[in-house]
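Worksheet: the structure to be examined is printed underneath.
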Amino acid sequence: MMNTKLIVTLACFIGLTVAVSQAQEDRFFMPAEIKQAYENGTRSFDGKPGANYWHNTADYKIQVKLNVQEKLLEGYEEVIYHNNSPDEIGELVIRLYGDVYKTGSKRAYNLNEQDIYDGVELSDVTLNGEPCEPDNQWMSRRTSTNLLFRLKEPLKPGSELIFRASWKQRIPAYSTIRTGAYDSTVFFIAYWYPQVSVYDDVFGWDNLDFLLRTEFYNNLGNYDVEITVPDQFMVWATGTLVNAGEVLPEEIHNRYRKARESEETVNIITSEDIEKGYRSLKNVWHFTAPEVSDFAFAASDQFCWDAAIQPDDGRQVLISSVYPFDDTINDYSDHVSIQQKTMKYFSEEIPGIPYPYEAFTTFMRHGRRGGGMEYPMMANNGGPGVGVTVHEMFHTYFPMYVRTNERIWAWMDEGWAVYNTSLATTRLFEGNYETAYLFSDVSGRGIIPGTISDLPLITSSEFLSDVNYNSASYTKPALVNAMIHQYLGEELFLKCYREYITRWAKKSPTPYDFFYTFENVSGKDLGWLWKPWFFEFGVPDLAIRSFEMDRITIENNGTKPVPLILELSYNNGDTKFISRDAGIWADGKDTIQLTVPDHKNVGRISLNPMLPDGNPMDNILEK
């Protein structure tokens, strides 16, 4: 047995080596903006938020009316913006998401011309009580979707600014990308209110226009929202319905109260209620949501509502499923249960962090199938499928709870969402814990290894296109996450993963905070993985060099390390797997030999059949 003192000394040496390597950071490139954040002490090389870390916050009080006939939002808001930074801020940036539908605005996608209009109409705009003119070029500047106000006096550290405005905004009805009117009575409303942009310690103001492709990077905020709809409409939203007793008829309110105490699904609004002609007692629905990054809502007079609670870390989380009453194709009966199981899995297993909010609602839009879109405590999904349900609920952790900058690094949330969806569906719903299958759902799709469009993952999402956005944001980072999991092993991986979420909960990490946290917690230098996958062009490329007797030789002809997975197909129909993690290439060697069991009866060998490879033709051997 090794001497205890020697073990401690070696552990300290390894930790010191990683820390020194990070402090100098000559392993891979660091942009000037991020380097400055480390020099300012807002980030630290051990992966923790720096001693000087800060983020600004905002409090929203909003009253909005949903005009169903004209498909129009009319609202008024008061925003208190808190400058928690050490900087004097000379301007205020307001996002007008609805301007992406404005004539002449920049867009990543083509829109139906019937959704193009004159943009968000602002009125009664004030800053700290003083009137502002959004169209006055001396006071403001309007880009595609941003409105920049020059402040008369800089906003000093520790002070606050009050922004007030009324606005009107059309609801898209033909180009329903994440939001819109799905028909005359079904609405999901997102990207909908004048929102204060993010001013952070890395880039200052986020001045990027919303182009429809990249999604979130928002301040942490407190929301108090009143939504006015027609009497026959119901509303579901981020946060808690605080006036349920005022809007819901007595019988339905009793069901709602029962659902808030029951782990068994309660049908709050049924198809019979809709057919009888549901009417609310009051047409103003009031929601509050503390410490969230955004607010979304849905409204319809044609949707059923099922709900139950999920006990989670001492709280009773209200889980709701909302779906069209006349859908005869999809089965929604067990959807609340699927969400309960998913939340329990996320909270107790992977990632193993309790669900952090008081509710979650999945709204399944009328007559549509397909994917989904996440918002704080909500999802706008195409149907009740397990995959989309799991994926969109997971987004609660990234980018909602851990507020990653998805506008620049979409992979920081989508990569984890893809990978955790794969884990949850295969482990929880299929009962499969085989390591070899960790890669089956997270690799291959959309990855074109070694082509000109196959960019390093550190590339800002704003520079991606339809050609490579999905692979760069979803499948490639999910593959890297799977490789980290396999290399570190279950226990150490979960320790790193949970610490990363805990450290950066309600904060905004960069990729380097992710890198350094995993290295700090694991005590391992992972530069051999970060550098080729995140900072370099290149290609993964393993090949079968030879198979003699019971020995097979695998060579690495690529520049990006990947695991080695051999699928052995035997003449009697049996299949076996031999797996090695990507760390086998960490020391720079380019070949490895493995022993093949029962080699005389092997009929076919497939190397990395579920992984990207620069030349898959040399990955198959048939006897």
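- Across all non-hydrogen atoms, the minimal contact from F394 to A417 is CD2-CA, 3.3 Å.
- Annotation: E113, atom CD; neighbour count of heavy atoms from other residues, nucleotides and ligands within 6.0 Å does not exceed 12.
- The shortest distance between side-chain heavy atoms of T517 and C496 does not fall below 4.5 Å.
- The 12-atom threshold is exceeded at NZ of K507, counting heavy atoms of other residues, nucleotides or ligands nearer than 6.0 Å.
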Which is it for W530 and I458 under the side chain to side chain contact (heavy atoms under 4.5 Å, CB included) test, yes or no, and what are the steps along the way?
CA-CA 10 Å; W530 310 138; I458 203 66; over 6 Å; no
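- Aromatic ring pairs are classed by plane angle as parallel below 30°, tilted from 30° to 60° and perpendicular above 60°; the pair Y497 and F518 is tilted.
- Between F28 and F515, the ring planes lie perpendicular to each other; the angle is over 60°, past the 30° to 60° tilted range.
- Going from atom CG of D513 over to atom CZ of F45 covers 10.5 Å, rounded to the nearest 0.5 Å.
- Panel note: side chain N619, backbone P609; no donor-acceptor pair is recorded below 3.5 Å.
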Assess whether side chain to side chain contact (heavy atoms under 4.5 Å, CB included) is satisfied between Y182 and T176, documenting all intermediate values.
CA-CA 7 Å; Y182 292 101; T176 50; 3.7 Å; yes
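- Scanning for salt bridge (Lys or Arg N to Asp or Glu O under 4.0 Å) contacts around D581 gives an empty result, with sequence neighbours left out.
- For N572, the CG atom counts as densely surrounded, since its 6.0 Å shell holds more than 12 non-hydrogen atoms of other residues, nucleotides or ligands.
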Using the side chain to side chain contact (heavy atoms under 4.5 Å, CB included) rule, take Y53 and S508 through it: C-alpha gap first, then chi angles, then the decisive distance, then the call.
CA-CA 10 Å; Y53 178 84; S508 298; 4.1 Å; yes
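- We find the OG-CG distance between S460 and L208 to be 6.5 Å, quoted to the nearest 0.5 Å.
- Between N218 and the options R95, E406, R403, a side chain to side chain donor-acceptor pair (under 3.5 Å) holds for only R95.
- Using a 3.5 Å distance cut-off with no hydrogens or angles, the side chains of T426 and N432 do not pair a donor with an acceptor.
- Donor-acceptor pairing under 3.5 Å is recorded for the side chains of D46 and S44.
- Using the six-membered ring where Trp is involved, F203 and W409 have ring planes that are tilted, between 30° and 60° apart.
- Contact check for W411 versus T459: no side-chain heavy atoms found under the 4.5 Å cut-off.
- Here the side chains of E519 and Y516 are in contact, with some heavy-atom distance below 4.5 Å.
- Between the side chain of R604 and the main chain of I620, no donor-acceptor pair closer than 3.5 Å is present.
- Contact of the D200 side chain with the Y217 side chain is registered, since non-hydrogen atoms from C-beta on lie closer than 4.5 Å.
- Counting heavy atoms from C-beta on, the side chains of R551 and T595 come closer than 4.5 Å.
- The backbone N or O of N112 sits less than 3.5 Å from a side-chain atom of S175, completing a donor-acceptor pair.
- Using a 30° and 60° split on the angle between ring planes, Y419 and W416 fall in the tilted class, from 30° to 60°.
- Looking only at side-chain heavy atoms (C-beta outward), N380 and T179 stay at 4.5 Å or farther from each other.
- Checked against the 6.0 Å centroid criterion, the rings of F398 and W504 do not qualify as a close aromatic pair.
- In plain terms, the two heavy atoms of D115 and P172 that are nearest each other are OD1-CA, 3.4 Å.
- Rounded to the nearest 0.5 angstrom, M400 CE and Y357 OH are separated by 8.0 Å.
- Between atom OH of residue Y101 and atom CG of residue L111 there is a gap of 6.5 Å, rounded to the nearest 0.5 Å.
- Between the side chains of T362 and Q339, at least one donor N or O sits under 3.5 Å from an acceptor N or O.
- Distance check, rounded to the nearest 0.5 Å: CG of N146 to CG of D206 gives 7.0 Å.
- For E25 and R43, the salt-bridge test fails: no basic side-chain N is under 4.0 Å from an acidic carboxylate O.
- Between the side chains of T591 and E555, no donor-acceptor pair of N or O atoms lies under 3.5 Å.
- Ring geometry, F514 versus Y500: the interplanar angle falls from 30° to 60°, so the pair is classed tilted.
- A pairwise comparison of heavy atoms in S465 and N468 identifies N-OD1, 3.0 Å as the closest pair.
- A pairwise comparison of heavy atoms in P449 and P612 identifies CG-CB, 4.4 Å as the closest pair.
- Using a 4.0 Å cut-off between charged side-chain N and carboxylate O, R27 and D525 make a salt bridge.
- When all heavy atoms are compared, the tightest approach of F547 to K623 is CE2-CD, 3.8 Å.
- Side-chain contact between I605 and I552 is present, with heavy atoms from C-beta onward closer than 4.5 Å.
- Checking H55 against N219 by side-chain atom types alone, no donor-acceptor pair falls below 3.5 Å.
- Note that CG of L564 is 6.5 Å distant from CD1 of I592, once rounded to the nearest 0.5 Å.
- G383 and V388 get closest at one heavy-atom pair: O-CG1, 3.7 Å.
- With hydrogens and angles disregarded, no donor-acceptor distance shorter than 3.5 Å links the side chain of N520 to the backbone of G47.
- Around OH of Y109, the count of heavy atoms belonging to other residues, nucleotides or ligands within 6.0 Å exceeds 12.
- Checking side-chain atoms of W585 against main-chain N and O of V562 turns up a donor-acceptor pair under 3.5 Å.
- Aromatic ring centres of F29 and F535: separated by at least 6.0 Å.
- Side chains of N420 and Y397: no donor on one and acceptor on the other come within 3.5 Å.
- When side chains are defined from C-beta on, N330 does not count as touching H335, because their heavy atoms never get closer than 4.5 Å.
- Relative to the ring axis of Y570, K576 places its NZ or CZ within 45° and under 6.0 Å from the centre.
- A salt bridge does not link E349 with R427: every distance from a Lys NZ or Arg NE/NH1/NH2 to an Asp or Glu carboxylate oxygen is 4.0 Å or more.
- Classified by interplanar angle (parallel below 30°, tilted 30° to 60°, perpendicular above 60°), the ring pair Y375/Y191 is perpendicular.
- Taking a 6.0 Å sphere around NZ of K102, one finds it holds more than 12 heavy atoms contributed by other residues, nucleotides or ligands.
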